[in-house]
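Computed from a predicted structure; not experimentally measured. As a basis for the values below, the full set of heavy atoms in this structure was taken, side chains included, without hydrogen atoms, waters or symmetry mates.
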Amino acid sequence: MANPLKQLAGETAVYGLSTILARIINFLFVPFYTRLLTTASYGVVTEFMAYIAVLQVVLVLGLETGCFNFANREGVNPRKVYSNALAAVFGTSFSFLALMVLFREQISSALGYHGFGNCIIYVGGILALDSITAILFAKLRQEHKAFKFAIFKTVKILTETAANMVLFFWYPSHSAGCALNLVSQTPDFTYVIFAIFISSVVCGILFIPDLLRFSFEFDARLLRQMLSYSIPLMIASLPGIVNDFLDRILFRYFDTDPEAWRSSLGIFQAAVKLSVIMNLFIQMFRFAAEPFFFQRARDKGSRQLYAIVMDFFTAFCGLILLGVFLYLDIFALVLGKDFRSGMGVVPIMLLSYMLLGMLFNVSMWYKLSGKTNMAIWITMAGLVVTVIVNVVFMPRFSFWAAAFGHLASYLVMFVISAVLGNKYYPVPYSWKRILSLMLSIAVICVATLLIDREFFQGIAPGAVPAGKILVKLAVHSVLLIVYLAVAAFILKGRYRQALNPEA
């Protein structure tokens, strides 16, 4: 039998091709955004993207995961599963879009963006189209059509890139003759939102041939079963995604400076963007791992395999965290000068996202055991922590409270999920190995801070001669190699166990 870790790693890599490209291109736009937009305008983009992230969870109804569960059941026709999912999501998404179009001026005025009703329509269009294509992308994942998935995702991000290029570098000098008035005359947040909307339209068009060939088979009884399984996941995901983005919304009400909260939000978001590499790997892993876990759930030795996956996942996330942390001075140059005051939160967000990825692993127990209602209480606990940390500390510490709110929330959810999973769906995680990896990461970070304070105080690109910077980076590279050696020692023998998890 083929090595399951190789299958998972292979599909992760393919899904990652498009995801990497998307994240890299988005990352490459950060220098432009942080130089062409004000901190306040970038903050507005961040606020709108928070609303999109939260609302899309509602509109998809949790049916991405529901499709994986039902399409793998014996005696269930996968075509019926996806037919029902598409019908449900199409109905909710385009009803929502109609409301957004109808009340666009009232919504924009309520948010303090009077005169930007078009932007509300773009947001509604993004939500409707991305919700529909989410189910279609799930179908590609279910069928292991990773390359088609990657191609469509790549076209989507390239379209967004092209739209951004046209808007930021061509439109301002040619806008006088444009009668459509789709965006502002000078670069602002509408450029970014409109570019995303165009990419969503193109992505929807790509799926038209698939929809025309698709044989729809509606089954009301099956849909009820799917919704009864999926809606608890949606409800559970909702506080989870609210938890991820609530701080962006709370800046409006609790930031230290009520007049400049958009600027604080823009600075925080720019720093978060530098944590993109961790989020990137987690997203790649999730695309491949979710169907992988479901498909191997009935295999003997599957739980041992899940435990081994967790070990390697933790080790690789540690490499990413240290890879950014040890070269943070270089990454800081990506941002415009007005945005660099938030660089201190980057390591905190890297660790937060690492915990989020580990949470995904230990949370598979309630999806595999069917106890999806338990997810609601886990994510609610995390949401409570986020609210408390941000409401109490944001008025004093601004975006620092937002960063530590993420860290505290993900840690609480991880611990709760691990404890409950051990009770209801025990997986033999090697906590000794995991804790050893986490300890080695912490030791490297502390050692770096002590060495830098003692020998490299104030040494950063642009501040001192290049020779001293190279010495500092060389020392940091040695520390990274030390981590790799320690991680290899801790994981010694685990790869061989993956070849025969039943042993």
Atom [atom1] in [X], atom [atom2] in [Y]: separation rounded to 0.5 Å?
X      : Y      : atom1 : atom2 : result
Ser41  : Tyr191 : OG    : OH    : 10.5 Å
Ser352 : Leu356 : OG    : CG    : 9.0 Å
Asp247 : Met394 : CG    : CE    : 5.5 Å
Phe197 : Thr159 : CZ    : OG1   : 13.0 Å
Leu223 : Lys80  : CG    : NZ    : 12.5 Å
Ile151 : Lys145 : CD1   : NZ    : 12.0 Å

Ring centre gap for [X] and [Y] strictly below 6.0 Å:
X      : Y      : value
Phe168 : Tyr33  : yes
Phe32  : Phe169 : yes
Phe90  : Phe94  : yes
Phe116 : Phe189 : yes

Any side-chain heavy-atom pair from [X] and [Y] closer than 4.5 angstrom?
X      : Y      : result
Val272 : Thr46  : no
Phe316 : Ile320 : yes
Tyr353 : Leu321 : no
Val101 : Arg104 : yes
Leu140 : Leu136 : no
Leu63  : Ser230 : yes
Tyr51  : Leu127 : no
Asp130 : Lys156 : yes

Any idea how [X] and [Y] line up, ring-wise: parallel (<30°), tilted (30 to 60°), or perpendicular (>60°)?
X      : Y      : result
Phe285 : Phe360 : perpendicular
Tyr42  : Phe339 : perpendicular
Phe70  : Tyr229 : perpendicular

Using only atom types and a distance under 3.5 Å, with no angle test, would you say the side chain of [X] pairs donor to acceptor with the backbone of [Y]?
X      : Y      : result
Thr34  : Leu335 : no
Arg252 : Leu111 : yes
Thr133 : Leu129 : yes
Ser109 : Gln106 : no
Ser199 : Ile196 : yes

Checking side chain to side chain contact (heavy atoms under 4.5 Å, CB included) for the pair Lys153/Cys203: CA distance, chi angles, key distance, verdict? CA-CA 8 Å; Lys153 286 287 188 180; Cys203 186; over 6 Å; no
Which of Val183, Asn118, Ile126, Asn164 passes side chain to side chain contact (heavy atoms under 4.5 Å, CB included) with Phe194? It is Val183
From Thr448, Leu322, Leu328, Asp329, residue fulfilling side chain to side chain contact (heavy atoms under 4.5 Å, CB included) relative to His476: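 Single pass found, and it is Thr448.
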Salt-bridge test for Lys139 and Asp210: reply yes if a basic N is under 4.0 Å from a carboxylate O, no otherwise.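 Result for this pair is no, no salt bridge flagged.
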I need the minimum non-hydrogen distance between [X] and [Y], along with the two atoms involved.
X      : Y      : result
Pro209 : Leu206 : CD-O, 3.3 Å
Ile267 : Gly342 : CG2-N, 3.7 Å
Leu59  : Ser93  : CB-OG, 4.0 Å
Tyr410 : Leu355 : CB-CB, 4.0 Å
Met354 : Ile441 : CE-CD1, 3.7 Å
Ala138 : Tyr82  : O-OH, 3.6 Å

Cut-off 3.5 Å, side chains only: do Asp338 and Thr39 have a donor facing an acceptor? no
Assess whether side chain to side chain contact (heavy atoms under 4.5 Å, CB included) is satisfied between Phe313 and Phe281, documenting all intermediate values. CA-CA 10 Å; Phe313 178 87; Phe281 172 69; 3.5 Å; yes
Worked check of ring-ring contact (aromatic ring centres under 6.0 Å, His included) between Phe207 and Phe137: CA-CA 9 Å; Phe207 275 109; Phe137 276 120; 5.0 Å; yes
Is atom CZ of Phe404 surrounded by more than 12 heavy atoms (other residues, nucleotides or ligands) closer than 6.0 Å?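 Atom CZ in Phe404 is not crowded, with 12 or fewer foreign heavy atoms closer than 6.0 Å.
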Working note: Phe251 + Ser398, criterion side chain to side chain contact (heavy atoms under 4.5 Å, CB included); need CA distance, chi angles, decisive distance, verdict. CA-CA 8 Å; Phe251 271 88; Ser398 189; 4.1 Å; yes
Could you check Ile348 against Trp400 for side chain to side chain contact (heavy atoms under 4.5 Å, CB included), going step by step and ending with a plain yes or no? CA-CA 9 Å; Ile348 303 167; Trp400 288 95; 3.8 Å; yes
